[in-house]
Amino acid sequence: MATVAKTVKAAPEHPKYDVMIKAALLSLKEKTGSSVAAITKYLSANYKLPVTYKKTLSTQLKNLVKGGKLEKVKASYKLSDAFKAPVKAKK
């Protein structure tokens, strides 16, 4: 019998996209929201991302808007009030 070697997918070298997007929006500090280009530039400068991250980023932005974590203002994205709040530490 031939054995099939299972390939184990390596863990990404970056945090989850929602964490990275939140960090980008907080550091860019734009009142009217940040454009996708500005978010992309911040992420590529601060994280080691795969080549195809732009497609994943656009999908994640859409999902975060649907989930109420981001607000879309014209062609920019802002943090919603619920997502801005710091995470409370569990005791």
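Start at 1 with the first residue, then count along the sequence. Quick caveat: nothing in here was measured; it's all calculated off a predicted structure.
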query = Name the one of K69, Q60, K16 that satisfies side-chain contact (heavy atoms from CB on, under 4.5 Å) with I21?
reply =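 Among K69, Q60, K16, the one that satisfies the side-chain contact (heavy atoms from CB on, under 4.5 Å) with I21 is Q60.
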
From CG (L57) to CE (M20), nearest 0.5 Å =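 Interatomic distance, L57 CG to M20 CE, rounded to 0.5 Å: 8.0 Å.
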
inquiry  = Assigning hydrophobic clusters by single linkage (Ile, Leu, Val, Met, Phe, Trp, Tyr; side-chain heavy-atom cutoff under 4.5 Å), is L61 placed with V65?
reply    =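 Yes, because L61 and V65 connect within a single hydrophobic cluster, where side-chain heavy atoms sit under 4.5 Å apart.
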
All N/O donor-acceptor pairs, side-chain side in residues 23-44, below 3.5 Å, sequence neighbours left out:
unit_1 : atom_1 : unit_2 : atom_2 : d
S27    : OG     : A23    : O      : 3.2
S27    : OG     : A24    : O      : 3.1
S35    : OG     : A38    : N      : 3.2
T40    : OG1    : V36    : O      : 2.7
S44    : OG     : T40    : O      : 3.2
S44    : OG     : K41    : O      : 3.1

